[in-house]
Trainee: 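Following this message is one structure expressed as structure tokens.
As the structure lists them, so they are numbered: ligands from 1, and atoms in each ligand from 1.
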Amino acid sequence: MVKVYLRKCPNYDDSEKILRDLLEKFENRFKPEEKVLVKPNMLSPHPPQDGVTTHPRIVETVLKFLLDLGVKPFVGDSPAVGNAKSVGKTSGILDVCEKLGVPIEDLDDPIEVSGRTYRKIKVSRKVLEADKVVNLPKLKTHSQMVFTLGVKNTFGCVVGREKASWHLRAGTNDNFANLLIDVHLIVNPTLTILDGVIGMEGNGPSNGKVKEFNLLAVSENAFALDWVVVNQLGVPPNIVYTLKEAGKRKLIPEFEVDGEWSSTIELPNTVDVIPIPKILQKMVRQFVRVPRINKNRCVSCRICENECPTNAINIDKKKVDYSKCIRCYICQEVCPENAIDLVRKIL
Ligand code: SF4
Ligand code: SF4
């Protein structure tokens, strides 16, 4: 039966020993000379204390474990802002790679592959040609998808701007969750290791509030891991789109939890947790959270304008065209100045 290991971890200084003890249970999953992609969350250039990217100490422990087994690891991601080296530099992951002599690469060079729900998904050749993948997500909320955990982290294996365009192609959050699930099944990580020592609550995944969750979680199955972590945060798993859709696709296996941990979390303000009576649902759907550019904080870098999949943003006018906006919240996710507020509006 699938196991989900939960370990309390008070800080990153203690993480090496705690994680190494867990990793040793999985030694026989790897063979010498295998090429293994280590896929952290490298969303955008942030220092480790921001809680946005997987902490370099976690990456270092995993790389040392693989190197000791004679494996040939490389670190890769396809960041939303910048590239693997620039995000690696700010996040501390590049230093770790250089110290250990491990390559750090952009997940580019697309190959079109098909999932069960979607076809023509452009996944990096480097992912498909790796012998194995080790998935290193961060515990964070996500304004669109409620959480970003193990299943969503593998979406970084889809190349560059393709990721933003999928928000438009998928249309609804349920459809987008099915795309994330398709990608996760294609990437098929051997191991998922969640960095929840420090993570993010509120309007994550980059402009929320840093929170100490003091958790390390490991499993061979990210669906089970995500389900357990969400449940232990006191959040009903079925409000998380990837878990709801994975449940419908019967992808959440029977599992056993080893270890104890629980915490609380503030969800994004885009999420309605209290069930809304049917009679009010239509009205509430019209009264939605939309992005609004905060003129005092915006520095006109145009990152949001370039990343918006529907060209709904005009930075010269500091305006969002709500007739085009699909509320994917990518703009809020990529803004380096936290200058996109999510406000209620009747559409
Ligand atoms: S990303 Fe943020 S700072 Fe840059 S233009 Fe958009 S709102 Fe302004
Ligand atoms: S304005 Fe923001 S939320 Fe709306 S479609 Fe563009 S990126 Fe997505």
Trainee: Are Lys126 and Asp106 ion-paired here, with the side-chain N under 4.0 Å from a carboxylate O?
Mentor: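 Between Asp106 and Lys126 there is no salt bridge, as every charged N stays at least 4.0 Å from the carboxylate O atoms.
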
Trainee: Out of Ala312, Cys308, Cys335, Pro309, indicate the one that has the non-hydrogen atom closest to atom 6 (Fe) of ligand 2.
Mentor: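 The nearest heavy atom belongs to Cys308.
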
Trainee: Pick one of side chain, backbone, both or neither for how Ile326 approaches ligand 2, counting any non-hydrogen atom pair under 4.0 Å.
Mentor: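 Within the 4.0 Å criterion, Ile326 contacts ligand 2 through backbone and side-chain atoms alike.
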
Trainee: What atoms of ligand 2 come within less than 4.0 Å of a heavy atom belonging to Tyr329?
Mentor: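 Under 4.0 Å from Tyr329, ligand 2 has these atoms: 3 (S), 8 (Fe).
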
Trainee: For Thr310, take its heavy atoms, then give the atoms of ligand 2 lying under 4.0 Å from any of them.
Mentor: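 What qualifies from ligand 2 is 5 (S).
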
Trainee: Between Asp321 and Ser323, does the side-chain hydrogen bond (donor to acceptor under 3.5 Å, both in side chains) criterion hold? Intermediate values first, please.
Mentor: CA-CA 5 Å; Asp321 179 345; Ser323 67; 2.5 Å; yes

Trainee: Give the C-alpha distance, both sets of side-chain angles, the deciding distance and a yes or no for side-chain hydrogen bond (donor to acceptor under 3.5 Å, both in side chains) between Arg161 and Asn306.
Mentor: CA-CA 10 Å; Arg161 283 190 57 77; Asn306 292 333; over 6 Å; no

Trainee: Apply side-chain hydrogen bond (donor to acceptor under 3.5 Å, both in side chains) to the pair Thr270 and Arg327, showing each step before the final yes or no.
Mentor: CA-CA 10 Å; Thr270 48; Arg327 299 192 299 283; over 6 Å; no

Trainee: Quick check on contacts: which atoms of ligand 1 are under 4.0 angstrom from a heavy atom of Ile315?
Mentor: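 Going through ligand 1 atom by atom, the ones under 4.0 Å from Ile315 are 5 (S), 6 (Fe).
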
Trainee: Considering only protein heavy atoms, which is closest to atom 4 (Fe) of ligand 2, and at what distance to one decimal place?
Mentor: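 The closest one turns out to be Cys325 SG, 2.4 Å.
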
Trainee: Ignoring hydrogens, what is the shortest heavy-atom contact between Leu107 and Cys157? Give both atom names and the distance.
Mentor: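 Shortest heavy-atom contact: CD1-CA, 4.0 Å.
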
Trainee: To the nearest 0.1 Å, how far is atom 3 (S) of ligand 1 from its closest protein heavy atom, and which atom is that?
Mentor: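 Result for atom 3 (S) of ligand 1: Val299 N, 3.4 Å.
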
Trainee: If you measure from each non-hydrogen atom of Asn294 to ligand 1, which part falls under 4.0 Å: side chain, backbone, both or neither?
Mentor: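 No part of Asn294 comes within reach of ligand 1.
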
Trainee: Judged on heavy-atom distance to atom 8 (Fe) of ligand 1, which of Pro291, Cys298, Cys304 sits nearest?
Mentor: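 Comparing heavy atoms across Pro291, Cys298, Cys304, the nearest one to atom 8 (Fe) of ligand 1 lies in Cys298.
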
Trainee: Heavy-atom distances under 4.0 Å decide this one: backbone, side chain, both or neither, for Ile313 against ligand 2?
Mentor: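 Side chain only.
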
Trainee: Backbone or side chain, does Cys331 get an N/O/S atom under 2.8 Å to atom 4 (Fe) of ligand 2?
Mentor: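 Looking at Cys331, which is the residue asked about, there is no N, O or S atom under 2.8 Å from atom 4 (Fe) of ligand 2.
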
Trainee: At what distance is the nearest protein heavy atom to atom 5 (S) of ligand 1, and which residue and atom is it?
Mentor: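 Looking at atom 5 (S) of ligand 1, the protein heavy atom closest to it is Arg302 N, 3.2 Å.
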
Trainee: Identify whether Ile121 and Val159 are in the same connected component of the hydrophobic contact network (ILVMFWY, side-chain heavy atoms under 4.5 Å).
Mentor: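 Ile121 and Val159: separate clusters.
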
Trainee: Is it the side chain, the backbone, both or neither of Lys324 that has a heavy atom closer than 4.0 Å to ligand 2?
Mentor: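 Neither; nothing of Lys324 gets under 4.0 Å from ligand 2.
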
Trainee: Identify the two heavy atoms, one from Trp166 and one from Arg119, that lie closest to each other, and give their separation to 0.1 Å.
Mentor: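 Shortest heavy-atom separation between Trp166 and Arg119 comes out as CH2-O, 3.8 Å.
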
Trainee: Looking at Phe147, does the NZ or CZ of Lys152 lie under 6.0 angstrom from its six-membered ring centre and within 45 degrees of the ring axis?
Mentor: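 Pair Lys152/Phe147 does not count as cation-pi.
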
Trainee: For Arg297, does its backbone N or O pair with a side-chain atom of Glu337 as donor and acceptor, under 3.5 Å?
Mentor: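 No, because the side chain of Glu337 does not come within donor-acceptor range (under 3.5 Å) of the backbone of Arg297.
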
